[in-house]
Amino acid sequence: MDVSFLGGPQPQRGVGIVAPFDFALDRELWRWVPDDVSLHLTRTPFVPVEVSLDLARLVSEHETLHEAVLALTAVSPEVVAYACTSGSFVGGTAGEKAMSVAMQQAGEVPTLTTSGALLEALQELDARRVAVVTPYTKSVTDSLEDYLGEAGIAVTGRSYLGLTRHIWRVPYRDVVDMAREAVVDAPDVLFISCTNLPTYDVIPQLEAELRMPVLSANQVTVWAALQRIGKEAVGPYQALLDPVARRGPAAMAPDPAPAPPASPAPAASPADADTAPPPPAAPEAALAGADLEGGGEPPAPYDQPFPPSGTDDRGGGAQPAG
């Protein structure tokens, strides 16, 4: 069969990803990627250490990153991202910057890390107060809070699972429960940490429920990498990607229910046609004819900013503040 008429495959833009050896969510990363971009993943060497600050340091050593980036240069990516939150915040803001420099020197392409991408996303959303969700132990979660504090970001509340392995198996319901617990004291944004924690499908739900932008580790990593090559990440209703979503859930409100049909009026006789009064003006027409020059105001737009959120004092999770 002659397939020469297809002319493909279509050209692809390449994004290199360096992930820890236990990373299991390759498919989640791909869900934010447009069709004309390919992800090229490589993993750091295995080390027999549970998820901890020690592991974060081991998988982010400059020599390890250098070898991983060199392997990726064989397929000529346009940008390389280090997809590990703890590995990129464990050394603080100075350590994160040094990692990016080491990667760039190895591959001579633009580079970024998940924790660096998080700070870029917070700046994009003009957020300075963050609620934090992690699957980590307390010590690793503390390290994330320290990193954010160095960058001038206040952590208003947090929730963590205390896991040291198999983070990719955490169900969405646990992520949602942690988010509801963490959102206290009116944060600007919720951040869900760890690239090995599933988040893709819960982001739209949480944004609608909590009435604030929601960021996740994999989301910000892909978003920032694509920004470097002039591409946009794709995904359903999330403030980082969608300007409409940044205006809040009201901007996505469903259309009002249609009014019930009116009872049919009795048929008029021809003799009544000339004497019947004109039909009443529609409400839209009445508004259009309103005199706004005498001090009247047009209706306010519906795209209002996110209101702050608080915590239900009954312990039932985050509720919109009144």
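Residue numbers start at 1 and run along the sequence shown.
At distances below 3.5 Å, at least one donor-acceptor pair connects side-chain atoms of Glu28 with backbone N or O atoms of Tyr200. The backbone N or O of Arg129 lies less than 3.5 Å from a partner atom in the side chain of Asp188, making a donor-acceptor pair. Distance alone, capped at 3.5 Å, places no donor-acceptor pair between the Thr73 side chain and the Ser76 backbone. The backbone N or O of Ser216 lies less than 3.5 Å from no partner atom in the side chain of Thr199, so there is not a single donor-acceptor pair.
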Please tabulate, one pair per line, all N/O donor-acceptor pairs under 3.5 Å involving side-chain atoms of residues 110-119, not counting sequence neighbours.
unit_1: Thr111; atom_1: OG1; unit_2: Ser100; atom_2: O; d: 2.8
unit_1: Thr113; atom_1: OG1; unit_2: Glu96; atom_2: OE2; d: 2.7
unit_1: Thr113; atom_1: OG1; unit_2: Gly116; atom_2: N; d: 3.0
unit_1: Thr114; atom_1: OG1; unit_2: Tyr82; atom_2: O; d: 3.2
unit_1: Thr114; atom_1: OG1; unit_2: Cys84; atom_2: N; d: 3.2
unit_1: Thr114; atom_1: OG1; unit_2: Thr221; atom_2: OG1; d: 2.8
unit_1: Ser115; atom_1: OG; unit_2: Thr85; atom_2: O; d: 3.0
unit_1: Ser115; atom_1: OG; unit_2: Ser88; atom_2: OG; d: 2.9
unit_1: Ser115; atom_1: OG; unit_2: Phe89; atom_2: N; d: 3.4

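In terms of the side chain to side chain contact (heavy atoms under 4.5 Å, CB included) criterion, residue partners of Val101 (sequence neighbours excluded) are, by chain and number, Gln105. Tyr160 is linked by a ring-ring contact (aromatic ring centres under 6.0 Å, His included) to nothing, counting only residues two or more places apart in sequence or in another chain. Under the side chain to side chain contact (heavy atoms under 4.5 Å, CB included) criterion, Thr164 pairs with Glu50, Thr137, not counting sequence neighbours. In this view, Thr134 and Thr141 satisfy the side-chain hydrogen bond (donor to acceptor under 3.5 Å, both in side chains) rule, not counting sequence neighbours. Taking Arg13 as the reference, Val37, Glu78, Ile229, Lys231 meet the side chain to side chain contact (heavy atoms under 4.5 Å, CB included) condition, with sequence neighbours excluded.
A heavy-atom distance below 4.5 Å is not found between the side chains of Tyr147 and Val90. Residues Trp168 and Cys194 have side chains not in contact (no heavy-atom distance under 4.5 Å, counting atoms from C-beta outward). With a 4.5 Å cut-off on side-chain heavy atoms, Asp177 and Glu181 do not count as touching. At a threshold of 4.5 Å between non-hydrogen side-chain atoms, the residues Ser60 and Met99 count as touching. Contact check for Pro187 versus Val155: no side-chain heavy atoms found under the 4.5 Å cut-off. Looking only at side-chain heavy atoms (C-beta outward), Arg165 and Val51 stay at 4.5 Å or farther from each other. Between Ile192 and Val214, some side-chain heavy-atom pair lies under the 4.5 Å cut-off. By the 4.5 Å heavy-atom criterion applied to side chains, Leu197 and Val175 are counted as neighbours.
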Requested in this report: Carefully, step by step, assess Asn218 and Trp223 under the rule side-chain contact (heavy atoms from CB on, under 4.5 Å).
Outcome: CA-CA 8 Å; Asn218 283 330; Trp223 168 80; over 6 Å; no

Requested in this report: Any chance you could lay out the salt bridge (Lys or Arg N to Asp or Glu O under 4.0 Å) test for Asp26 and Arg31, step after step, and finish with the verdict?
Outcome: CA-CA 9 Å; Asp26 306 54; Arg31 297 177 76 182; over 6 Å; no

Query - Check against side-chain contact (heavy atoms from CB on, under 4.5 Å), Trp32 and Leu226 - result: CA-CA 10 Å; Trp32 275 290; Leu226 292 174; 5.7 Å; no

Requested in this report: Could you please spell out the steps behind the side-chain contact (heavy atoms from CB on, under 4.5 Å) verdict for Leu58 and Thr64?
Outcome: CA-CA 8 Å; Leu58 286 171; Thr64 298; over 6 Å; no

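Judged by distance alone, the side chains of Gln219 and Gln238 do bring a donor and an acceptor atom under 3.5 Å apart.
For Asp126, the CG atom sits in a loose shell: 12 or fewer heavy atoms of surrounding residues, nucleotides or ligands are nearer than 6.0 Å.
Counting only residues at least two apart or on different chains, the salt bridge (charged side-chain N to carboxylate O under 4.0 Å, His left out) pairs with a member in residues 111-125 are Glu120-Arg228, Glu124-Arg246. Here salt bridge (charged side-chain N to carboxylate O under 4.0 Å, His left out) pairs that include residues 55-71, with residues two or more places apart or in two chains, are Asp54-Arg57. Legend: salt bridge (charged side-chain N to carboxylate O under 4.0 Å, His left out) pairs involving residues 155-164, not counting sequence neighbours, sorted by first then second residue: Asp142-Arg158, Glu145-Arg158. Note on residues 112-131: no pairs pass ring-ring contact (aromatic ring centres under 6.0 Å, His included), not counting sequence neighbours. Sorted pairs that involve residues 146-156 and meet salt bridge (charged side-chain N to carboxylate O under 4.0 Å, His left out), not counting sequence neighbours, are lacking altogether. Residues in residues 189-198 take part in these side-chain hydrogen bond (donor to acceptor under 3.5 Å, both in side chains) pairs, two or more places apart or across chains: Tyr136-Ser193.
When all heavy atoms of Val189 and Ala127 are compared, the pair lying nearest together is CG2-CB, 3.4 Å. Looking at every heavy atom in both residues, Tyr172 comes nearest to Val202 through CD2-CG1, 3.2 Å. Of all heavy-atom pairs spanning Thr156 and Val184, the tightest one is OG1-O, 3.2 Å. Among all heavy-atom pairs drawn from Leu65 and Val59, the shortest one is CD2-O, 4.2 Å.
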